[in-house]
Asker: 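The structure under discussion is supplied below as structure tokens; questions concerning it will follow.
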Amino acid sequence: QVQLVESGGGLVQAGGSLRLSCAASGRTFSSYAMGWFRQAPGQVREFVAGISRSGGSTLDVDSVNGRFSISRDNGKYTVYLQMDNLKPEDTAVYYCAARPSLFSSRSRSDYAFWGQGTQVTVSS
């Protein structure tokens with residue numbers, strides 16, 4: 001089992017940047033592919049980006065492609081989401097999740113462990 005704690009959220013103006021971090025407990029972090037999801041009020045939780053166990057393979061979605069970047073440091077048990085050129089529609093609670101698999105997935109049901117989320121608010 002792995003526990004996940006997100007940090008780095010906050011209020012930023014449109015066009016600004018934030019870097020989210022997700023710290024994992026335990027030495028099994030490198031056994032998990034990781035994903036970032038987000039959920040806006042009244043909306044379903046949606047996939048944003050994912051990264052393989054080794055960090056060599058990533059996934060994202062069209063709405064964030066070229067603006068968001070996912071990375072991980074297995075030595076620090078941490079996954080990051082660098083978010084640049086933020087837009088008001090990026091406002092949401094952002095969650096990291098762990099999948100006991102080599103590769104990440106866009107499906108929420110493929111992830112076994114979730115963090116509590118961190119709020120990102122982008123003002124226009």
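One is the number of the first residue; the rest follow in order along the sequence. Worth saying up front: this structure is predicted, and the values here are computed from it rather than measured. Any value given below was found using the heavy atoms of this structure, including those in side chains, with hydrogens, waters and symmetry copies removed.
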Asker: Regarding Thr78 and Asp73, do their side chains bring together a donor and an acceptor under 3.5 Å, going by distance alone?
Answerer: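 No, no side-chain donor-acceptor contact under 3.5 Å.
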Asker: Does atom CD (Gln119) have a neighbourhood of more than 12 heavy atoms from anything else shown, all under 6.0 Å?
Answerer: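 It does: Gln119 CD has more than 12 such atoms within range.
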Asker: Within the 3.5 Å criterion, strictly below it, is a donor on Ser105 or Ser107 matched to an acceptor on the partner's side chain?
Answerer: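 Note: Ser105 and Ser107 side chains miss the donor-acceptor criterion.
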Asker: Let me confirm one number: the CG-CD distance from Leu11 to Gln13, rounded to the nearest 0.5 Å.
Answerer: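 One gets 8.0 Å once the value is rounded to the nearest 0.5 Å.
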Asker: With clusters defined by side-chain heavy atoms of hydrophobic residues (ILVMFWY) lying less than 4.5 Å apart, directly or transitively, does Phe47 cluster with Phe103?
Answerer: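 No, Phe103 does not connect to Phe47 through the hydrophobic network.
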Asker: Indicate yes or no for a side-chain donor-acceptor contact from Ser57 to the backbone of Ser52 under 3.5 Å, with no hydrogens or angles considered.
Answerer: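 A pair under 3.5 Å: no.
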Asker: Enumerate the residue pairs fulfilling disulfide (SG to SG under 2.5 Å) with a member in residues 10-110, sequence neighbours excluded, ordered by first and then second residue.
Answerer: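 For residues 10-110, and leaving out neighbouring residues, the disulfide (SG to SG under 2.5 Å) pairs sorted by first residue read Cys22-Cys96.
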Asker: Tell me whether the NZ or CZ atom of Arg99 lies within the 45° cone about the ring axis of Phe113 and under 6.0 Å from its centre.
Answerer: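 No, Arg99 and Phe113 do not form such a contact.
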Asker: Are Arg108 and Trp114 in a cation-pi setup, meaning NZ or CZ lies under 6.0 angstrom from the ring centre and within 45 degrees of the ring axis?
Answerer: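 No, Arg108 does not sit over the ring of Trp114.
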Asker: Please step through side chain to side chain contact (heavy atoms under 4.5 Å, CB included) for the pair Leu20 and Thr118, ending with a clear verdict.
Answerer: CA-CA 8 Å; Leu20 304 184; Thr118 185; 4.0 Å; yes
Asker: To the nearest 0.5 angstrom, please state how far the CZ atom of Phe68 sits from the CG atom of Asp84.
Answerer: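 One gets 8.5 Å once the value is rounded to the nearest 0.5 Å.
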Asker: With a 4.5 Å heavy-atom cut-off, do Phe29 and Met34 have their side chains touching?
Answerer: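 When only atoms from C-beta onward are counted, Met34 and Phe29 do touch, with a gap below 4.5 Å.
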Asker: Taking the six-membered ring of Tyr80 as reference, does the cationic atom of Arg19 (NZ for Lys, CZ for Arg) lie under 6.0 Å from its centre and within 45° of its axis?
Answerer: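 Yes, a cation-pi geometry.
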Asker: Taking atom types as modelled, is there a side-chain donor on Asn65 or Arg67 under 3.5 Å from an acceptor on the other?
Answerer: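 No - no donor-acceptor pair under 3.5 Å links their side chains.
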Asker: Could you check whether Arg38 makes a cation-pi contact with Tyr95, meaning its NZ or CZ is under 6.0 Å from the centre of the six-membered ring and within 45° of the ring axis?
Answerer: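 Relative to the ring axis of Tyr95, which defines the angle, Arg38 lies outside at least one limit.
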